[in-house]
Structure formats: C-alpha cells, structure tokens
Visitor: 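Quick one: the structure is below, questions incoming.
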Amino acid sequence: MAKPAASLFQVSDNVAKMQASSTLAAMQAADAMRAAGVNVVDFGAGEPDFDTPENIKRAAETAMRAGKTKYTPTAGTRDVLDAIIKFYEREFGMAYDRTEVMATSGGKQAIFNAVVSLINPGDEVLLAKPYWVTFPEIIVFARGTPIFIETEETGFVLSAEQVERAITPRTKLIILNSPCNPSGRVIPPAEFRRIMELLADRDIYVISDECYLRFVYPPAEVFSAASLPTELRGRLCIAGSFSKTYAMTGWRVGYALTPREWTGAMLKVQGHSTSNANSIAQSAAVEALNGPQDSVAAMLAEYTARRAWLLNALREIPGLSCNEPEGAFYAFPSVRECLGSAAKTSADFAQRLLEEEQTVVTDGAGFGADGYLRISYATSMEQLREGVTRIKRFVERLHT
Ligand code: GLU
C-alpha cells in the first residue's frame with residue numbers, strides 16, 4: 001500500500017495562536033472512555049443531561065415535513081426573530097427591532113460574529129477571570145489583546161472598581177458573563193448596572209453572554225442587560241443560546257441582540273461563514289420560546305436540588321473549598337490545598353482523577369484559574385453521588 005504523503009500543511013498564524021477548547025476536550029475524553037466500555041463519571045460536560053422537550057422536537061418534525069429545509073434569511077426567519085423579540089419584551093419589557101436581532105449557530109457564533117466585526121489589531125478586550133475558554137481565543141483570532149481582570153479577591157464576582165482599574169485608552173470591549181461559566185457566580189444587578197454606567201461613560205462596547213440567563217437560584221434573580229435603560233445599551237450586544245435553557249446543545253441555535261449597525265456587520269460575517277442558523281432548529285427555537293415553559297422550571301428545580309447536595313458533599317472533602325454558585329450548573333472548587341508532590345497542579349489533579357478514578361472534570365487553568373476544577377452538575381444524582389465518592393477516595397489517597 002502506498003504511504004500517505006507527508007503533510008505539507010502549514011497552519012496560519014491566527015490559528016497557530018489558538019488553544020483547542022478544553023471544555024470540548026473534556027467532553028470528548030469522557031465520550032471516548034464510554035465508547036471503550038469504561039464506567040466513567042462525567043462531570044466535564046457543560047450540557048444538560050435532559051432531553052430536548054417533546055413540544056420542541058415535534059415543532060422540528062412539523063417544520064421538516066412542511067419543507068422548511070431550505071436556506072433562510074441570514075439573520076433568521078421572521079418567526080424566530082419575532083419570537084426572540086417577544087421573549088425580551090415579555091420578560092424584560094424591552095422592545096427590539098428586527099434589524100437588531102439575528103439567529104446564530106449556537107451562542108458561540110453570536111460571540112464570534114460580535115468580536116470579529118468589532119475588534120481591530122491591538123484593541124484591548126477586558127475579560128474577568130475565570131472566563132469561558134472560548135472568549136480569549138476568539139479575541140486572539142480577531143488580533144485583539146485580551147486583558148484579564150483578577151477577581152479571586154471578590155470570590156470571582158466582578159466589581160465596577162475592578163473593571164475601572166483595567167481600563168486603558170486602548171480598551172474597546174468587555175465581555176461579561178453572568179451567570180458565569182465556569183464559576184456559576186452572578187454579578188448582582190446593581191453592580192452590573194454600575195459596570196455598564198462606567199463603560200457607557202467611556203464609550204466601551206459590551207458583550208453580555210447570557211447563555212445561563214434562566215438558571216439562577218434564589219435569592220439571586222434572573223437579570224438581563226436588556227432591562228437596562230436605553231442610554232446604557234448603545235454599545236451592547238446580548239448573546240444568548242437555546243442550548244442550555246431548552247436542552248438543545250446539538251441543535252446549534254443561539255441569537256444576538258445588537259444595535260442595528262453592529263448587527264449589519266455581524267450579518268456580513270455570518271453571510272460568509274454559515275449563511276444562516278439551521279432552518280429546522282430555527283423552527284424548534286420558535287416553539288421553545290412561544291410554547292410552554294414548564295420544562296425550564298422542571299430543569300431548574302432539578303439543578304437546584306443537585307446543587308444543594310453537591311455543595312454540601314464537596315465541603316466535606318478535606319482540602320476542597322467552594323464559593324457558592326448562584327447560577328448556571330457548575331461548582332468551581334479550589335483544590336490548591338490538595339496539591340503537592342503527587343499532583344502539583346489542578347491539571348495533574350484532573351488527569352490523575354481521570355486515570356485512577358475514571359472521573360472527568362475540567363481543569364480550571366483553561367478558564368484562567370489554575371488550582372480550581374469545574375464540576376458540572378448537569379448530570380444525574382446517581383452520577384453525582386458516585387463521582388463525589390470517587391473524588392473523595394482520590395483526595396484521601398493524595399493526603400496520605
Ligand atoms: N459551553 C459548554 C462548556 O463550557 C460546552 C462546551 C463549549 O462549547 O465550550 O462546557
């Protein structure tokens with residue numbers, strides 16, 4: 001048999017600077033282990049363990065049968081744009097125009113479109129640590145410079161003072177993410193507003209990633225930047241997703257709400273990359289927003305119970321300490337006190353946990369928080385119990 005040709009491929013400078021997604025890598029590691037028949041506990045996946053609600057699946061089926069299988073306008077169908085607009089009007093009292101909305105292939109594409117249509121080489125983009133792994137990579141791809149804001153002193157809750165200290169004359173944009181992936185922390189609405197006031201005074205653009213918008217645990221409250229006064233929203237892009245709220249990760253559908261000119265630029269990017277979000281997924285998204293919302297409440301109730309159980313259980317493991325996440329479905333404990341000669345970093349910890357206890361967690365380093373681990377509780381109670389037993393056993397071995 002002929003040998004394969006030696007690779008002549010030379011990666012572009014832009015992509016050479018990119019790190020592969022560590023969240024996707026953790027999910028794929030778990031998947032490979034499951035396929036090999038390993039009894040794996042998967043705390044890696046940032047994805048609901050629930051199935052997409054039936055009414056949404058039915059809407060997709062109907063759309064497919066009705067021949068909604070063609071290109072749609074780049075921004076999305078009128079129905080999906082109107083459903084998004086109606087949702088924001090209903091929930092937050094904000095009236096968006098169709099020219100300010102677009103459906104995207106997942107929330108990730110909304111953020112990608114927004115960043116690459118705004119950032120010039122050398123522009124600074126503020127990111128609070130810990131950040132979702134994809135943010136800095138998109139910024140670097142656009143040849144911007146990520147400027148990281150340390151928030152450990154405030155338990156990973158970003159404050160207006162921290163933002164103010166990081167601003168320079170080159171600051172063009174900040175990406176806010178509350179509830180935060182990976183910490184689960186929520187910026188209190190009053191503080192969020194102070195941050196937005198500060199940014200509006202300095203003409204700095206904002207992307208508010210509201211992917212976990214609906215998964216907030218009382219007394220914290222659901223809050224969208226859409227509810228802020230118009231004068232604070234002139235440079236605001238809201239990026240949203242159907243993936244988490246409606247357990248639709250595989251459907252790849254999200255959206256962006258932006259001032260008209262910014263939307264126009266984003267549509268050019270989308271028009272030359274994916275054209276439009278999947279037509280069938282757009283019909284499903286319409287049903288998700290307009291149909292009954294009881295599945296969201298049921299998922300939230302389940303996450304609430306798991307979160308309470310997990311936080312207590314983690315606190316009983318010597319050496320682990322964990323802030324209380326007010327939203328999303330992640331716990332983000334520090335394992336620094338467990339580190340030593342056996343596991344020097346949180347990456348070593350995660351790797352050994354995988355090898356010795358077949359338990360997948362995501363290392364905090366990829367989120368800019370070395371010494372921490374992200375544990376997703378978007379998994380069954382049974383898996384949570386088993387996984388925590390394994391982590392406990394592993395930590396006990398590290399301590400001996
Ligand atoms: N957003 C999820 C996570 O953080 C899914 C993977 C990804 O897109 O990063 O795990």
Side-chain angles (χ1 to χ4, degrees), residues 18-32 34 40-50 52 104-115 127-141 146 156 175-186 207-215 238-256 274 277-278 281 299 303 306-307 310 325 327-333 346-347 350 354 359-369 372-379 383-384 387:
M18 269 182 156
Q19 304 290 325
S21 166
S22 59
T23 49
L24 297 183
M27 283 202 267
Q28 282 155 31
D31 202 48
R34 269 190 299 268
V40 61
V41 172
D42 183 6
F43 290 157
E47 101 172 317
D49 54 317
F50 303 103
T52 305
T104 56
S105 300
K108 199 178 271 185
Q109 193 190 17
I111 296 162
F112 185 88
N113 288 347
V115 172
L127 277 184
K129 282 184 176 182
Y131 45 77
W132 180 41
V133 294
T134 291
F135 294 150
E137 304 309 326
I138 297 178
I139 296 164
V140 168
F141 182 79
F156 294 145
I175 305 182
L176 300 173
N177 175 218
S178 175
C180 169
N181 174 8
S183 71
R185 300 308 311 262
V186 166
I207 296 175
S208 177
D209 175 356
E210 302 188 354
C211 179
Y212 296 91
L213 179 73
R214 312 273 286 279
F215 295 140
I238 292 178
S241 173
F242 292 83
S243 295
K244 320 288 177 179
T245 314
Y246 298 102
M248 290 175 70
T249 47
W251 300 69
R252 309 311 303 135
V253 57
Y255 58 88
T274 55
N278 176 300
M299 286 190 261
Y303 291 142
R306 295 173 185 178
R307 167 182 170 273
L310 178 65
F329 40 61
Y330 306 112
F332 199 59
S346 48
L354 177 76
T359 300
V360 180
V361 294
T362 313
D363 174 27
F367 304 100
Y372 288 79
L373 297 177
R374 189 186 77 173
I375 297 179
S376 165
Y377 53 88
T379 189
Q383 285 288 288
L384 280 178

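When a ligand or atom number is given, it counts from 1 through the structure's own listing order. Scope of the values below: all heavy atoms of this structure, side chains included, with no hydrogens, waters or symmetry mates. We number each residue from 1, following the sequence as shown.
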Visitor: Output every pair passing salt bridge (Lys or Arg N to Asp or Glu O under 4.0 Å) with a member in residues 241-254, not counting sequence neighbours, ordered by first then second residue.
Guide: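 As it turns out, there is no salt bridge (Lys or Arg N to Asp or Glu O under 4.0 Å) pair with a partner in residues 241-254 once direct neighbours are skipped.
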Visitor: Kindly list each side-chain donor-acceptor pair under 3.5 angstrom involving residues 129-138, sequence neighbours excluded, with atom names and distances?
Guide:
from, atom 1, to, atom 2, distance (Å)
Lys129, NZ, Glu150, OE2, 3.1
Glu137, OE1, Gln19, N, 2.9

Visitor: Is Arg307 reaching over with its side chain to a backbone N or O of Pro325, donor-acceptor style, under 3.5 angstrom?
Guide: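 Flag set: sc Arg307 to bb Pro325 pair under 3.5 Å.
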Visitor: Run through ligand 1 for me and note each protein residue having a heavy atom under 4.0 Å from it, chain first, then residue number.
Guide: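 Within 4.0 Å of ligand 1, protein side: Thr23, Leu24, Met27, Gly46, Lys108, Trp132, Asn181, Lys244, Tyr330, Arg374.
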Visitor: Tyr303: what forms a ring-ring contact (aromatic ring centres under 6.0 Å, His included) with it, not counting sequence neighbours?
Guide: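 Checked Tyr303 against ring-ring contact (aromatic ring centres under 6.0 Å, His included); matches are Phe50, Phe215, Phe329.
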Visitor: Taking the six-membered ring for Trp, are Tyr330 and Phe367 closer than 6.0 Å centroid to centroid?
Guide: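 No.
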Visitor: Hey, are Thr379 and Asp49 close enough side-chain-wise for a donor-acceptor pair under 3.5 Å?
Guide: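 There is no such pair (donor and acceptor under 3.5 Å, judged by atom type) between the side chains of Asp49 and Thr379.
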